[in-house]
Amino acid sequence: MDFDKRVTPARLDLAAAHLEGKIHAAKFVEGRTAQLTRGVAGLYGAPIDSSGLRTQLLFGESFTIYEDKLGWVWGQAALDGYVGFARADGFGAPVAATHRVIARGTPLLNAPDVKKGARDMLPMNAKIAVADMSERFARLTNGAYVFGGHIAPLDASAPDWVGVAEQFAGVPYVWGGKTAAGLDCSGLVQTALEAGGIKAPRDTDMIESAIGIAIAPDSELRRGDLIFWKGHVGVMLDAARLIHANGYFMQVSVEPLAEVRARTLASENLPVRTIKRL
């Protein structure tokens, strides 16, 4: 049986216990659930920063750890199933989240006073556990504070997820990123969809397979239609304009779809492969 290595917690030397009998590995182990306790953590292909960022974990995200060794953990993200290595010092015991961040980012404050400094920055879709709320600030169970206007109950969702994507216009392009500090094309789409209450996988090909219904190439496009090339995805803002995180401009750009189609065809010989409508 074939498995997608990106979302299968298995190596030749070690694999998750639930895969025993399905794959070959020298050892099978039960995982333990942990939670990210810093704003953002990179998930890598090997236990070294230069191995290449695969994706990012966000504050409050659950992560099943199958190996903890030499300052690194190897495991699987609960949000989208992605597997990789992360720095071990960013994880703690799970705490039930009650809210999530709805702004592009918000400071994790030491006190309900912006002049007292911040411990960290929390990105959009970070999950937090609120102990109580004052008029302006929420006190978290870890003793820190966040501005109440930047959070919403966990089950709340943005009414216009495309509008969420628009908030990231001009943000730098970073392969594997999914925050306002930098993100890639599928990171932009996954982040905006999650904010809108729509679960999506991490990579472009995964989103293409899992989300929406394919429509004819000559269909009149609408806001929210997803345009897929091989290895790239963007979102229509209307019938003509596309927003996408791209390496050409090294940022999240809004430009006419016709120009993007012409450029990718001329420079990379890549036509649009699929158009999906949610």
Side-chain angles (χ1 to χ4, degrees), residues 1-37 40-97 125 127 154 175-178 184-187 189-191 193-194 197-214 226 228-233 273-274 276 278:
M1 185 180 295
D2 292 329
F3 292 93
D4 189 332
K5 294 181 179 179
R6 295 171 294 180
V7 291
T8 306
R11 307 181 329 219
L12 290 176
D13 63 324
L14 182 67
H18 69 268
L19 294 173
E20 191 166 5
K22 300 176 182 178
I23 65 166
H24 295 289
K27 182 181 179 181
F28 294 89
V29 298
E30 295 287 348
R32 63 178 176 87
T33 302
Q35 192 172 62
L36 191 68
T37 57
V40 183
L43 195 66
Y44 298 91
I48 180 171
D49 295 328
S50 60
S51 63
L53 184 67
R54 290 186 169 183
T55 187
Q56 290 177 316
L57 307 174
L58 310 183
F59 186 95
E61 190 168 339
S62 292
F63 189 72
T64 302
I65 295 174
Y66 294 102
E67 181 184 63
D68 190 336
K69 183 178 180 181
L70 299 177
W72 290 82
V73 293
W74 176 76
Q76 185 171 34
L79 176 70
D80 53 25
Y82 228 94
V83 173
F85 291 87
R87 292 281 183 181
D89 58 4
F91 295 91
V95 178
N125 293 326
K127 314 302 189 299
L154 203 59
W175 181 273
K178 50 184 293 185
D184 60 18
C185 65
S186 54
V189 172
Q190 186 193 45
T191 295
L193 285 171
E194 183 184 357
I198 304 167
K199 185 176 181 180
R202 179 58 176 91
D203 290 345
T204 296
D205 63 318
M206 297 172 171
I207 298 172
E208 185 178 8
S209 297
I211 297 296
I213 298 172
L226 297 171
F228 293 91
W229 291 261
K230 181 181 180 181
H232 189 60
V233 60
R273 186 162 69 179
T274 313
K276 304 291 287 288
L278 272 64

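These figures come from a predicted structure and were not determined experimentally. All residue numbers refer to positions in the sequence shown, counting from 1.
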Q) Can you tell me how far CG of Leu43 sits from CG of Leu57, rounded to the nearest 0.5 angstrom? A) 5.0 Å
Q: For Ile65 and Ala34, work out which heavy atoms get closest and say how close.
A: CD1-CB, 3.7 Å
Q) Roughly how far apart are Ile211 CD1 and Leu226 CG, rounded to 0.5 Å? A) 8.0 Å
Q) So does Trp175 have more than 12 non-hydrogen atoms from other groups sitting under 6.0 Å from CH2? A) no
Q) From Glu20 CD over to Lys27 NZ, what is the distance, rounded to the nearest 0.5 angstrom? A) 12.0 Å
Q: Please list, chain by chain and in numerical order, all residues satisfying ring-ring contact (aromatic ring centres under 6.0 Å, His included) with Phe59, sequence neighbours excluded.
A: none
Q: For Gln35 and Gly92, indicate whether the former's side chain and the latter's backbone hold a donor-acceptor pair under 3.5 Å.
A: no
Q. Would you call the rings of Trp72 and Tyr44 parallel, tilted or perpendicular, where under 30° means parallel and over 60° means perpendicular?
A. perpendicular
Q) Thr8 versus Val83: any side-chain heavy-atom pair under 4.5 Å? A) no
Q.
Restricting to side-chain contact (heavy atoms from CB on, under 4.5 Å), what partner residues turn up for Arg54, sequence neighbours left out?
A. Tyr82
Q: Please report the shortest heavy-atom distance between Ala77 and Glu61, naming the atom on each side.
A: CB-OE2, 3.7 Å
Q: Measure from the side-chain N and O atoms of Lys276 to the backbone N and O of Glu208, and report whether any donor-acceptor pair falls under 3.5 Å.
A: yes
Q) Of the non-hydrogen atoms in Arg202 and Gly187, which two are nearest, and what is the gap between them? A) NH1-N, 3.2 Å
(Q) I'd like to know whether Met206 forms a side-chain contact (heavy atoms from CB on, under 4.5 Å) with Asp4, so could you lay out the CA-CA distance, the side-chain angles of the two residues, the decisive distance to 0.1 Å, and finally the verdict. (A) CA-CA 10 Å; Met206 297 172 171; Asp4 189 332; 3.7 Å; yes
Q) Hey, what do you get for CZ (Phe85) to CD1 (Ile48), rounding to the nearest 0.5 Å? A) 11.5 Å
Q. Of all heavy-atom pairs between Gly176 and Asp184, which one has the smallest distance, and what is that distance?
A. N-OD2, 2.8 Å
Q. Do the charged groups of Arg11 and Asp13 touch, with an N to O distance under 4.0 Å?
A. yes
(Q) Once you measure the plane-to-plane angle for Tyr66 and His18, does it fall in the parallel (<30°), tilted (30-60°) or perpendicular (>60°) bin? (A) tilted
Q. Quick one: side-chain contact (heavy atoms from CB on, under 4.5 Å) partners of Glu194, sequence neighbours excluded?
A. Leu79, Asn125, Lys127
Q. Taking the side chain as C-beta and beyond, is there a heavy-atom pair between Phe91 and Asp68 under 4.5 Å?
A. no
Q.
Restricting to non-hydrogen atoms, name the atom on Ala10 and the atom on Ile23 that form the minimum distance, rounded to 0.1 Å.
A. CB-CD1, 3.0 Å
Q | Positive for salt bridge (Lys or Arg N to Asp or Glu O under 4.0 Å) with Asp203, one of Lys178, Arg6, Lys5 | A | Arg6
**Q.** Shortest non-hydrogen contact between Ala214 and Thr274, atoms and distance
**A.** CB-CG2, 4.3 Å
